[in-house]
**Q** 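Encoded as structure tokens, here's the structure I'll be asking about.
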Amino acid sequence: LLAIPRGENKIEPRENPFTQITHLRLVSITNRWVVASYCLLIYRLVAAALLIYVGTFFLVYTIDVTELILNAVALEIILDIDDLIFDS
């Protein structure tokens with residue numbers, strides 16, 4: 001975000017000469033979108049840190065080995081749910 005010039009929102013289409021696929025390139029972005037992007041970035045970092053903190057205690061205080069494996073798999077699904085939804 002720091003390297004993108006400020007100004008009007010401009011997106012340019014660009015075609016790859018080898019694959020004939022059109023890609024979009026962000027040329028410039030408004031300050032409002034930069035602030036919104038940083039707010040989302042901070043929110044995601046706080047959510048990830050909170051999940052790591054709570055998940056660590058969730059796994060540390062599990063006594064039984066089968067419960068530990070089950071809880072580790074459940075935590076992994078929670079951490080990867082956005083990728084699973086995006087891929088489907």
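As the structure is a computational prediction, the values presented were derived from the model and not from experiment.
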**Q** Do Leu79 and Leu59 sit in the same hydrophobic cluster, where Ile, Leu, Val, Met, Phe, Trp and Tyr count as joined when their side-chain heavy atoms come under 4.5 Å apart?
**A** yes
**Q** Kindly compute the distance separating CD (Glu8) from CD1 (Ile29), expressed to the nearest 0.5 Å.
**A** 13.0 Å
**Q** Starting at OH of Tyr38, measure out to CG of Leu45 and round the result to the nearest 0.5 Å.
**A** 11.5 Å
**Q** Does some side-chain heavy atom of Thr30 sit less than 4.5 Å from a side-chain heavy atom of Arg6?
**A** no
**Q** Would a single hydrophobic cluster contain both Phe58 and Ile52, if residues Ile, Leu, Val, Met, Phe, Trp and Tyr are joined by side-chain heavy-atom contacts under 4.5 Å?
**A** no
**Q** Quick one: do Ile21 and Glu15 satisfy side chain to side chain contact (heavy atoms under 4.5 Å, CB included)? Show the steps, please.
**A** CA-CA 6 Å; Ile21 296 175; Glu15 185 174 323; over 6 Å; no
**Q** Which heavy atom of Leu51 sits nearest a heavy atom of Leu75, and at what distance?
**A** O-CD1, 4.5 Å
**Q** Which distance, rounded to the nearest 0.5 Å, do you find between the CD1 of Ile4 and the CH2 of Trp33?
**A** 12.5 Å
**Q** Following the transitive rule for hydrophobic clusters with a side-chain heavy-atom cut-off under 4.5 Å over Ile, Leu, Val, Met, Phe, Trp and Tyr, establish whether Leu50 and Tyr61 coincide in one cluster.
**A** yes
**Q** Look up atom CG in Leu68 and atom CD1 in Ile63, then write down how far apart they are to the nearest 0.5 Å.
**A** 11.0 Å
**Q** What is the minimum heavy-atom distance between Ser28 and Gly7, and which atoms define it?
**A** OG-C, 4.3 Å
**Q** Shortest non-hydrogen contact from Thr62 to Asn71?
**A** OG1-ND2, 3.1 Å
